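In what follows, a single structure is set out as structure tokens and then discussed.
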Amino acid sequence: MLEVEISGVKLKNPIIAASGTFGFGREFSRLIDLNLFGGISTKGITLKKRAGNPQPRLCEVYGGIINSVGLENPGVEAFIKEELPFLRRFDTKIIANINGFNKEEFIELAKILSPFVDMIEVNLSCPNVKEGGMIFGKDPNRVYEITREVKKVSSCPIIVKLTPNVTDITELAKAAEKAGADAISLINTISAMAIDIETRRPLIKMVTGGLSGPAIKPIAVRMVYECFQKVNIPIIGMGGIMNYKDAIEFFLAGATAIQIGTVNFVNPNAVSEIKEGIENYLKDHGFESVKDLVGNIII
Amino acid sequence: MLEVEISGVKLKNPIIAASGTFGFGREFSRLIDLNLFGGISTKGITLKKRAGNPQPRLCEVYGGIINSVGLENPGVEAFIKEELPFLRRFDTKIIANINGFNKEEFIELAKILSPFVDMIEVNLSCPNVKEGGMIFGKDPNRVYEITREVKKVSSCPIIVKLTPNVTDITELAKAAEKAGADAISLINTISAMAIDIETRRPLIKMVTGGLSGPAIKPIAVRMVYECFQKVNIPIIGMGGIMNYKDAIEFFLAGATAIQIGTVNFVNPNAVSEIKEGIENYLKDHGFESVKDLVGNIII
Amino acid sequence: MKLLDVEIAENKMIANGIYLLSFESEYLANAFKPGNFVNILVEKDSIYPLLRRPFSISFVKENKVFIGYKVVGRGTQILSQKKKGDTINVLGPLGNSFLVDRFDGKVAVVGGGVGIFPLLSLCHELKKARNEVDVFLGFRSRSDLFFVEEFKEVSDNLFISTDDGSIGYKGNAVEVFKTKIEEENYKVAFSCGPKPMLSALKSLNLTFKCYISLEEKMACGIGACLCCSIKGKDGNMLHVCSDGPVFDIMEVEI
Amino acid sequence: MKLLDVEIAENKMIANGIYLLSFESEYLANAFKPGNFVNILVEKDSIYPLLRRPFSISFVKENKVFIGYKVVGRGTQILSQKKKGDTINVLGPLGNSFLVDRFDGKVAVVGGGVGIFPLLSLCHELKKARNEVDVFLGFRSRSDLFFVEEFKEVSDNLFISTDDGSIGYKGNAVEVFKTKIEEENYKVAFSCGPKPMLSALKSLNLTFKCYISLEEKMACGIGACLCCSIKGKDGNMLHVCSDGPVFDIMEVEI
Ligand SMILES: Cc1cc2nc3c(=O)[nH]c(=O)nc-3n(C[C@H](O)[C@H](O)[C@H](O)COP(=O)(O)OP(=O)(O)OC[C@H]3O[C@@H](n4cnc5c(N)ncnc54)[C@H](O)[C@@H]3O)c2cc1C
Ligand SMILES: Cc1cc2nc3c(=O)[nH]c(=O)nc-3n(C[C@H](O)[C@H](O)[C@H](O)COP(=O)(O)OP(=O)(O)OC[C@H]3O[C@@H](n4cnc5c(N)ncnc54)[C@H](O)[C@@H]3O)c2cc1C
Ligand SMILES: Cc1cc2nc3c(=O)[nH]c(=O)nc-3n(C[C@H](O)[C@H](O)[C@H](O)COP(=O)(O)O)c2cc1C
Ligand SMILES: Cc1cc2nc3c(=O)[nH]c(=O)nc-3n(C[C@H](O)[C@H](O)[C@H](O)COP(=O)(O)O)c2cc1C
Ligand code: FES
Ligand code: FES
């Protein structure tokens, strides 16, 4: 009922832990059963270890949070040696979220990682680094170029993660599809800012950061819907999903699978509640499979 | 203490009622004193009377609302004859928000209206109409062109209202400045969507609509800040302002004045509470004028 | 129309998921006319729900204002948890009202579900104006019944129907009303209820006047935002919050 | 570490804007070590505040867990309005704990403001391990005092200071502590308080070990989101929620 497929990779359910909100699973495994997830997208991985951005990295705003972690991670080798074996113990698909500061780094990361993971998520949308990330991701030509090269060297399906900070996200989606992406995921965080009016300083040291959480949901749903009209590869939707109802909206808008991020901080049980909620919704509404919901909005 | 100036037009305080949320003032005047406002931006005016979009036009989402009014308005002549005289009774600056479906209409509207109002707000950002509006507003060249033509024929200062649905809002800001705009205002609503999971229909008949309210504030603050780095004309900031603290954030980010929209629906007293809050903030923090706050963020 | 902080006097469940809330407000109680509504801020400084929620005033008694409501979402859920002494902010009275007169003939009042709320005080006024009033109320089921005793007091004949037939006629209020139209000489009808019910009413092509109270999603509630516009007969836009909520059924597209 | 729905047993103001909340939880009471904290969801299904709020466990008594907190923003405001019987969701115990031992020499405990909360159970444990404990507590003013009687019971000497001198020494806790360092033979110090206080402490260049409890904005509280990272001495990133909140003062940049 819940199984979905992305380019031959079968997810037992369409719920994926969103990159950067779930570490490498270890911490949450002490709290919830990782087998609950259809997949887990890892914390963004870079070639070399990275310390990330200075403090403060986090602030809270109306209905959301702004973060500027800046891709703190142990680097690809440490990931493979120290984190992947642990993740592999669970019956869930592992998606490596990769981040390069130039095309070559993306290629290198895909080469190294694709033999070891189920899918690769090419993060062309990180707003919290000065080079790479979103800078590439805003330009359809760069999206095309990097996607094509990464696809060439990858032995597993690749997902291209798109930034919402653009005039027309469907241009990026089409570029990714044309370049051979197996799927796209959206949205990454929206560039945002908040100011402490007492100190008059930005609440994020890097001044701007990425907005996530319920506040961005209607923007994310709109972008998933727009992309669904324009591309034929599967869409993994995310942005502000707090419960099963939000998840259903994404499916109806055109998402084949969803990722949940910020909600994990608020309610670590979200994955099981959403899973159950989707099942009940399908039963109550006479659908046989979550696949029947995809893009099934009535206009 | 609260007075600000935009191209020679003195606003006695920096709080402006946002276009489309305040009609032509008549309804709110039964509830609050319109003299409280530094200015009032009218409901979007078109050359001809318009019926607007079909129902449903409104839905509520996490921390915000999506609307798709679609510029329902009585047309410019009825505005001048039936609405303006009423508005003119108050000691507040009147800003006519104009909306064309092509360049000529913008020019025509500016010609007709500029002798009668204090400022014109050129709405290059309405997401709820199929032509004009945001379609023009996303293209810096069109922004430049329309701004220049409108400026030529206007006998009062003009404000260009920008859409946030773009990759780089500073490109639009710069185009407006270069073309001679006296100020820019931002942000208009963000294109967004919500779905009723029971009926599987969009909650807005036109499928997508414009997101406003607290949810969009951190995005608006970021855009004001970005524009402040790039242009020298005054910025009128808006998007999700609910109270004086939010207003102060916009000033610190670089806004000379602010507009309040959605909050009027929730709390019609917002204008007086914000006014008082700004005054107290200035006193408590040793500032002599709200002008001292503009762009006064400490990085 | 005023913006008022009022203290809840009572807030109790009166049927399955249906509550009756009351508060003291001399101003509102005096200004009120049947059909008027108020826009309630269920929680101060809340961003979710963000907007006010519109509710008809069911009736007033001395200086007390009574609002009946059904819990359907987050706003009404929060409202239902308010207790005596809690403060809510109320904007009202809003909208137009039902035309009450001494009609020279029988009056029919047809209500379905939450549309029943605004009709109680209407009946009261109709009786006060010495009309003969037939009331048709439709509920989902027996456990959903409310205001029945109250309507008995202000009507000459009360016809209850339920969708499942668990009490009264099986069917909806319009169906029952329809069976009476030929027997009775109605001069005017008033109605409030779900859209399908009002459409059914319209398609009866009544030979007498029929006034209905409509609902649309509202942001301001006072005619400023133009979110609640509907098309009038002549193509002109009508605003449910300020031109309505009561309209002549022939004057609006439904 | 568990996710628990707990029922509030008591939630009372104990000083100017300072509250003490308690609830029953056998699991937490047993698992707790001084220095641990919990991440509290002050309101279910709320999107504003959205995140959980981290609070140290002040102390436990039998199966009851006590949390002292100061109202500083919306989250703590909402928490302060919770009543006996209300349910909150608690994630914990989180973080590491203070090293408690029998030290061969005096122990100093230095706390400022809300940083005082986690130190009470620490002192209790230090006394249980038969140490001689000097406690230095700094408050804003006389009306802000809390936990004074409680600290008297678990310390050998208690030095109170206030910023305005309205009671005890005038100045902050570190200044008072500084005057005692030369007279006394401290073996170890423990501290928690605002950043400037901890910086002052660090700049004393103590010749003995000093452990401090830090605060950073937290999203997950368990080491997954990397929002609370700080730089360690060797340039490695440390996570206040999972590597801390207690650190050797020499091992972290402050
Ligand atoms: C003029 C008028 C009078 C009304 N009188 C009553 C009454 O006396 N008793 C009663 O129980 N209900 C009445 N309603 C409907 C009532 O406003 C909604 O049930 C209520 O707003 C639902 O809020 P919620 O947060 O619980 O639901 P949600 O569904 O979570 O609300 C989401 C949004 O939809 C709006 N909304 C939902 N349903 C309606 C509706 N039917 N009409 C307009 N807006 C809606 C809400 O205001 C909100 O913006 C009236 C509506 C109108 C327009
Ligand atoms: C490990 C740890 C233990 C703590 N123990 C206590 C305690 O025992 N008693 C107590 O009163 N306070 C304690 N605090 C501080 C407490 O978490 C904040 O005061 C509280 O989160 C403020 O929430 P608010 O919504 O009222 O304030 P707001 O300022 O509105 O909160 C806005 C955001 O900032 C965060 N935040 C605000 N202040 C702090 C802070 N000082 N540290 C971390 N995040 C913060 C909030 O969690 C929230 O995300 C502790 C903090 C940490 C990290
Ligand atoms: C603290 C934090 C860290 C994140 N790190 C990454 C990352 O490393 N790579 C990535 O692709 N997305 C990252 N994201 C974005 C999320 O994966 C997701 O796209 C976004 O948060 C929207 O979903 P949400 O609203 O459910 O959180 C991060 C988000 C948060 C909140
Ligand atoms: C119901 C509604 C109607 C609007 N109509 C207009 C309009 O006619 N012209 C315009 O420039 N902006 C219009 N806007 C946008 C607002 O002026 C403002 O830019 C936006 O709502 C963000 O501010 P807020 O979050 O304070 O509402 C409208 C907004 C709303 C909510
Ligand atoms: S609700 Fe704003 S015009 Fe009717
Ligand atoms: S708060 Fe998430 S890692 Fe510390």
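Naming: A, B, ... by sequence-line order, numbering from 1 per chain. In this text the structure is predicted, and so the values were computed from the model without any measurement.
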Quick check on the interface: out of C:L3, C:L226, C:I230, who has the most heavy-atom pairs with chain B under 4.5 Å?
C:L226
So which residue, C:G223, C:A224, C:C220, ends up with the most heavy-atom pairs under 4.5 Å with chain B?
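Answer, by heavy-atom pair count under 4.5 Å with chain B: C:A224.
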Taking B:F265, B:F24, B:F28 one by one, which has the highest count of heavy-atom pairs under 4.5 Å against chain C?
B:F265
As an exercise: rank B:G25, B:C59, B:A51, B:G20 by heavy-atom pairs under 4.5 Å with chain C and give me the winner.
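Looking at each of B:G25, B:C59, B:A51, B:G20 in turn, B:A51 comes out on top.
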Could you tell me which non-hydrogen atom of B:V266 sits nearest to which non-hydrogen atom of C:L41, and how far apart they are?
CG1-CD1, 3.6 Å
What pair of heavy atoms forms the shortest contact from C:A219 to B:L58, and how long is it?
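Shortest heavy-atom contact: N-CD2, 3.6 Å.
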Could you list each N or O donor-acceptor pair linking chain C to chain B at a distance under 3.5 Å?
residue	atom	partner	partner atom	Å
C:I47	O	B:G63	N	3.3
C:L50	N	B:E60	OE2	2.6
C:L51	N	B:E60	OE2	3.4
C:R52	NE	B:V266	O	2.9
C:R52	NH2	B:V266	O	3.0
C:R53	NH1	B:E60	OE1	2.7
C:R53	NH2	B:E60	OE1	3.4
C:A224	O	B:G23	N	3.3
C:L226	O	B:R57	NH1	2.6
C:C227	O	B:Q55	NE2	2.8
C:S229	O	B:Q55	NE2	2.8
C:S229	OG	B:R57	NH1	3.0
C:S229	OG	B:E72	OE1	2.6
C:S229	OG	B:E72	OE2	3.4
C:N236	OD1	B:K49	NZ	2.8
C:H239	NE2	B:E72	OE2	2.6

With heavy-atom distances below 4.5 Å as the criterion, would you say the side chains of C:C225 and B:V69 are in contact?
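Sidechains of B:V69 and C:C225: no contact.
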Select one option (side chain, backbone, both, neither) describing which atoms of C:L50 are under 4.5 Å from chain B's heavy atoms.
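Backbone plus side chain of C:L50, per the 4.5 Å heavy-atom cut-off to chain B.
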